[in-house]
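Keep in mind that what you see is a predicted model, and the values were worked out from it rather than measured. Numbering starts at 1 and runs along the sequence shown.
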Amino acid sequence: MSKVNTVLGPIPTEELGIVAIHEHIGYGMPGSELDTKWWKTPEQRYEETVPKLRKFHEHGGGTFVDATGICNGRDVDYYKSLSAKTGVHIVACTGFVGGDTALAHFARASVDYLTRQFVHEITVGISGTGARAGIIKVGVSRGGRMTELDKRIYRAAARAAVATGVPIMTHLAIDAENAIAIFAEEGLPLDRVLFGHVDDGVNFAKTRDIWIAEQGGRVGFDTFGYETELEDPPFWARPRKDRLDHFLRFIGQHVDKALASADANCSPLGWPGVKGHTVNYIFEDLFPDLRAAGVDEATITKLFVDNPAEFLSVRN
């Protein structure tokens, strides 16, 4: 029976239910949680987050994958409390959102050191919590091309994925050629990699989503809800219909490679977040949009239940 690592322990993939594959309990740049302008007490963060996760559960959501890497506000004891309180399975990640978010201790580390770090968090636990990471996060730093540090992190992630059987998700899918070359050199099958943010309003035109799928990679449309129609849209926003049409075109060719999410932040660290945007966009807006476009229930189930379960399964 296939299993997935959650913060409360491994569970069978059949218990995942509807999966939000790329979300955040609380994300910020390193040190941002200490910024007095945006600092929040633990109680404030809890009050912001619990209602969102409870509503997710009430909508039928089963699993929330937290894509917050090392140094970006990851707090696994907190995740364990939230999961127990709300009934939502939470999958935590090891790895880094990008080399430019790695503090100096890790930025100077070798590939071997980083590999051991990732493997430990997957097989033993994160920060003494006993909770094992269920996925590895990697990313392209600002500038749109992988830095030398990014490449070390990608290589370490590939080695850890091969050794432990957990998958990898990426921040951005640009410069995918370099990433795919590294994964090939390390013997990692591309169906174990989710290339994320192919739909964001900054990089979608430079992202070779069809090509990635043809190479065997999985493709994440995971910034749903960041729309130019918002009152105060973020710089990576995109017109709602434009993103939806892009997604519909892709699943018309490669539904087996597609996963989707909202990349929302339950309680942002060091920045105000995007008002009104939550993980529940999936149920309240995206599902109705897909149904209105003629997408059937079997396809929605494939996108949000079957594909994530297959991807998240630990393959030893």
Side-chain angles (χ1 to χ4, degrees), residues 5 7 22-40 42 45 49 64-80 82 90-161 164 166-172 175 179 194 196-197 222 236 263-273:
N5 287 342
V7 296
H22 188 127
E23 303 294 328
H24 296 278
I25 295 295
Y27 172 85
M29 293 299 286
S32 61
E33 73 277 12
L34 305 176
D35 185 340
T36 55
K37 179 179 180 180
W38 303 108
W39 181 79
K40 299 172 185 174
R45 293 175 61 194
T49 302
F64 182 110
V65 179
D66 182 83
T68 305
I70 301 168
C71 304
N72 286 116
R74 189 184 60 169
D75 185 343
V76 177
D77 275 330
Y78 178 46
Y79 299 174
K80 291 169 73 173
L82 290 169
I90 297 175
V91 176
C93 73
T94 186
F96 300 89
V97 171
D100 53 358
T101 71
L103 293 173
H105 174 80
F106 295 105
R108 293 190 293 262
S110 67
V111 172
D112 286 346
Y113 181 96
L114 293 169
T115 302
R116 291 195 301 271
Q117 173 76 19
F118 301 159
V119 169
H120 182 94
E121 293 199 337
I122 295 162
T123 61
V124 178
I126 298 170
S127 303
T129 63
R132 299 175 185 178
I135 197 164
I136 307 169
K137 183 73 179 285
V138 298
V140 177
S141 295
R142 285 159 183 76
R145 300 289 292 179
M146 290 172 64
T147 65
E148 288 307 308
L149 175 55
D150 291 338
K151 291 176 182 178
R152 294 206 310 275
I153 293 170
Y154 272 66
R155 191 170 299 280
R159 292 180 183 179
T164 65
V166 305
I168 293 173
M169 63 163 56
T170 78
H171 168 73
L172 304 178
D175 205 11
L194 174 61
H197 299 338
D222 45 32
W236 63 91
D263 191 27
N265 211 328
C266 290
S267 183
L269 303 175
W271 64 296

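With hydrogens and angles ignored, the 3.5 Å screen pairs no side-chain donor or acceptor of Arg45 with any backbone N or O of Lys40. Judged by distance alone, with hydrogens and angles left aside, the side-chain atoms of Ser141 form a donor-acceptor pair with the main-chain N or O of Asp100 at under 3.5 Å. Although no hydrogens or angles enter the test, the distance criterion places a donor-acceptor pair under 3.5 Å between the side chain of Arg74 and the main chain of Cys93. Between the side chain of Thr94 and the main chain of Ile136, no donor-acceptor pair closer than 3.5 Å is present.
With contacts defined as side-chain heavy-atom distances shorter than 4.5 Å, the pair Thr164/Thr123 qualifies. Tyr154 places a side-chain heavy atom less than 4.5 Å from the side chain of Val140. Two residues are said to be in side-chain contact when any heavy atoms from C-beta on lie closer than 4.5 Å; Met29 and Thr101 meet this criterion. The closest side-chain heavy-atom distance from Val166 to Ile135 is not below 4.5 Å. In this structure the side chain of Cys71 reaches within 4.5 angstrom of the side chain of Phe96, judged on heavy atoms.
Applying the ring pair (Phe, Tyr, Trp, His ring centres under 6.0 Å) test to Tyr27 and every residue at least two apart in sequence or in another chain returns His24. When the salt bridge (charged side-chain N to carboxylate O under 4.0 Å, His left out) test is applied to Glu23, no partner is found at least two apart in sequence or on another chain. Applying the side-chain hydrogen bond (donor to acceptor under 3.5 Å, both in side chains) test to Tyr79 and every residue at least two apart in sequence or in another chain returns Asp66. Taking the side-chain hydrogen bond (donor to acceptor under 3.5 Å, both in side chains) definition, one finds that Arg155 meets it with Glu185, Glu186, sequence neighbours left out. Contacts of Glu33 classified as side-chain hydrogen bond (donor to acceptor under 3.5 Å, both in side chains), with partners at least two apart in sequence or in another chain: none. The side-chain hydrogen bond (donor to acceptor under 3.5 Å, both in side chains) test applied to Thr129 returns no partner, not counting sequence neighbours.
Note: His120 NE2 to Arg132 CZ = 10.5 Å, rounded to the nearest 0.5 Å. The distance from atom CD1 of Ile168 to atom NZ of Lys137, rounded to the nearest 0.5 Å, is 12.5 Å. Going from atom CG of Leu82 over to atom CZ of Phe64 covers 9.0 Å, rounded to the nearest 0.5 Å. Remark: His171 NE2 to Asp263 CG distance equals 8.5 Å, nearest 0.5 Å. Separating the CG atom in Asp150 from the CG atom in Asp175 is a distance of 8.5 Å, to the nearest 0.5 Å. Atom CD1 of Ile153 is separated from atom CD of Glu148 by 11.5 Å, given to the nearest 0.5 angstrom.
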>> side-chain contact (heavy atoms from CB on, under 4.5 Å), that's the test. Do Glu121 and Ile70 meet it? Break it down for me.
In response: CA-CA 11 Å; Glu121 293 199 337; Ile70 301 168; 3.8 Å; yes

> Stepwise, does the side-chain contact (heavy atoms from CB on, under 4.5 Å) test hold for Asn265 with Trp271?
Replying inline: CA-CA 11 Å; Asn265 211 328; Trp271 64 296; 3.4 Å; yes

> Could you go step by step and tell me if His197 and Trp236 meet the side-chain contact (heavy atoms from CB on, under 4.5 Å) rule?
Replying inline: CA-CA 10 Å; His197 299 338; Trp236 63 91; over 6 Å; no

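Under a 4.0 Å N-O distance rule, the pair Arg159/Asp112 qualifies as a salt bridge.
Using cut-offs of 30° and 60° on the angle between ring planes, the pair Tyr113 and Phe106 is tilted.
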